[in-house]
Amino acid sequence: MRIVLLGAQGSGKGTQAEKLSAELNIPHISTGDIFRDNIKRGTELGRLVKEYADKGLLVPDEVTIRIMRARLEQEDCSNGFILDGFPRNMKQAKALEEFSSVDRAISLEISDEEAVRRIAGRRNCPKCGRLYHMVYNPPKEDELCDVCHVKLVQRDDDKPEAIKRRLGIYHKETEPLKDFYKEKGVLLLVDGSQGINDVFSGIMKALSS
Ligand code: AP5
Ligand code: MG
């Protein structure tokens with residue numbers, strides 16, 4: 001099963017991709033996670049993408065497409081994958097068609113107001129990457145990862161100005177992909193505004209219908 005997850009910032013792509021990956025036993029591939037990991041390790045790619053990602057701008061298509069083409073060629077993708085954050089515009093969607101087909105495109109639907117609430121409360125563990133939300137999905141001990149017990153951090157692009165810019169780019173460049181995948185007959189819309197487990201049930205139900 002080759003799945004693309006669409007949805008605004010904070011719609012729960014990363015949260016649901018993690019659960020789907022465990023359920024379907026296929027890898028969760030997040031362009032954002034790949035870029036943040038490279039920034040953290042100070043690689044050449046990290047230095048190249050940092051200024052874009054921190055400001056909430058899209059990394060140039062050539063770079064993103066090259067990285068994803070190489071990633072999807074890896075052995076662990078042979079039975080399928082869950083793409084989180086790619087493709088993000090028409091150019092990337094057309095490029096993806098050249099190196100892989102898509103069986104289902106799942107769009108997690110939430111309002112911009114909810115997106116902002118989700119992003120503002122998001123924290124993650126700098127060690128294992130586990131995601132939390134200070135209100136909706138809080139850690140057991142305040143601000144500490146349940147597993148690693150290190151202090152949770154906020155993403156550099158989760159600042160108000162960058163959030164506004166990212167949502168603008170989503171509506172202008174990414175949302176039109178819903179029509180692109182609808183025309184191909186693979187689009188599934190799921191209400192992303194419910195609780196985490198209900199959204200997951202909604203996805204599983206949509207996938208089996
Ligand atoms: P990326 O990392 O993909 O960020 P994003 O698209 O902005 O999406 P988010 O990760 O913010 O949201 P999410 O939908 O994953 O939500 P989450 O599960 O965390 O991209 C970052 C940057 O990298 C881009 O801005 C760009 O610069 C670059 N980039 C990436 N891909 C690119 C591409 N293809 N081309 C060019 N550049 C690219 O959930 C959010 C919060 O809400 C969490 O705290 C979570 O715990 C909570 N939550 C989740 N679900 C629920 C729920 N149902 N109820 C209550 N709380 C919930
Ligand atoms: Mg994410």
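Note that ligands are numbered from 1 as they come in the structure, with each ligand's atoms numbered from 1 the same way. All residue numbers refer to positions in the sequence shown, counting from 1.
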Mark yes when over 12 heavy atoms from residues, nucleotides or ligands other than Arg104 sit less than 6.0 Å from its CZ; otherwise mark no. yes

For the residue pair Lys172 / Asn89, report whether a side-chain donor-acceptor contact shorter than 3.5 Å exists. no

As a test of reading the model: which N/O atoms of the protein lie under 3.5 Å from N/O atoms of ligand 1, and at what distance?
| unit_1 | atom_1 | unit_2 | atom_2 | d |
| --- | --- | --- | --- | --- |
| ligand 1 | 2 (O) | Arg36 | NH1 | 2.8 |
| ligand 1 | 2 (O) | Arg36 | NH2 | 3.0 |
| ligand 1 | 2 (O) | Arg155 | NH2 | 3.4 |
| ligand 1 | 3 (O) | Arg88 | NH2 | 2.6 |
| ligand 1 | 4 (O) | Arg155 | NH2 | 3.1 |
| ligand 1 | 6 (O) | Lys13 | NZ | 3.3 |
| ligand 1 | 6 (O) | Arg88 | NH1 | 3.0 |
| ligand 1 | 6 (O) | Arg88 | NH2 | 3.1 |
| ligand 1 | 7 (O) | Arg166 | NE | 3.3 |
| ligand 1 | 7 (O) | Arg166 | NH2 | 2.6 |
| ligand 1 | 8 (O) | Lys13 | NZ | 3.2 |
| ligand 1 | 10 (O) | Arg122 | NH1 | 3.2 |
| ligand 1 | 10 (O) | Arg155 | NH1 | 2.9 |
| ligand 1 | 11 (O) | Arg122 | NH1 | 3.0 |
| ligand 1 | 11 (O) | Arg122 | NH2 | 2.7 |
| ligand 1 | 11 (O) | Arg166 | NH2 | 2.8 |
| ligand 1 | 12 (O) | Gly10 | N | 2.8 |
| ligand 1 | 12 (O) | Arg122 | NH1 | 3.3 |
| ligand 1 | 14 (O) | Ser11 | N | 3.3 |
| ligand 1 | 14 (O) | Gly12 | N | 3.1 |
| ligand 1 | 14 (O) | Lys13 | N | 2.9 |
| ligand 1 | 14 (O) | Lys13 | NZ | 2.9 |
| ligand 1 | 15 (O) | Gly14 | N | 2.9 |
| ligand 1 | 16 (O) | Gly12 | N | 3.2 |
| ligand 1 | 18 (O) | Gly14 | N | 3.4 |
| ligand 1 | 18 (O) | Thr15 | N | 2.8 |
| ligand 1 | 18 (O) | Thr15 | OG1 | 2.6 |
| ligand 1 | 19 (O) | Arg122 | NH1 | 2.6 |
| ligand 1 | 20 (O) | Arg88 | NH2 | 3.4 |
| ligand 1 | 27 (O) | Leu57 | O | 2.5 |
| ligand 1 | 31 (N) | Thr31 | OG1 | 2.7 |
| ligand 1 | 31 (N) | Gly85 | O | 3.3 |
| ligand 1 | 31 (N) | Arg88 | NE | 3.2 |
| ligand 1 | 31 (N) | Arg88 | NH2 | 3.2 |
| ligand 1 | 34 (N) | Gly85 | O | 2.8 |
| ligand 1 | 34 (N) | Gln92 | OE1 | 2.9 |
| ligand 1 | 35 (N) | Gln92 | NE2 | 2.9 |
| ligand 1 | 37 (N) | Val59 | N | 3.0 |
| ligand 1 | 44 (O) | Tyr132 | O | 2.7 |
| ligand 1 | 53 (N) | Gln194 | O | 2.8 |
| ligand 1 | 53 (N) | Ile196 | N | 3.4 |

Using side-chain heavy atoms (C-beta onward) and a distance below 4.5 Å, is Leu96 in contact with Leu72? yes

Which residues satisfy the side-chain hydrogen bond (donor to acceptor under 3.5 Å, both in side chains) test with Arg47, sequence neighbours excluded? none

Against Asp158, only a single residue in Arg122, Lys164, Arg165 fulfils salt bridge (charged side-chain N to carboxylate O under 4.0 Å, His left out); can you say which? Arg122

I'd like to know if Asp103 pairs up with Lys184 as an ion pair, taking the criterion as any Lys NZ or Arg NE/NH1/NH2 lying under 4.0 Å from an Asp or Glu carboxylate oxygen. no

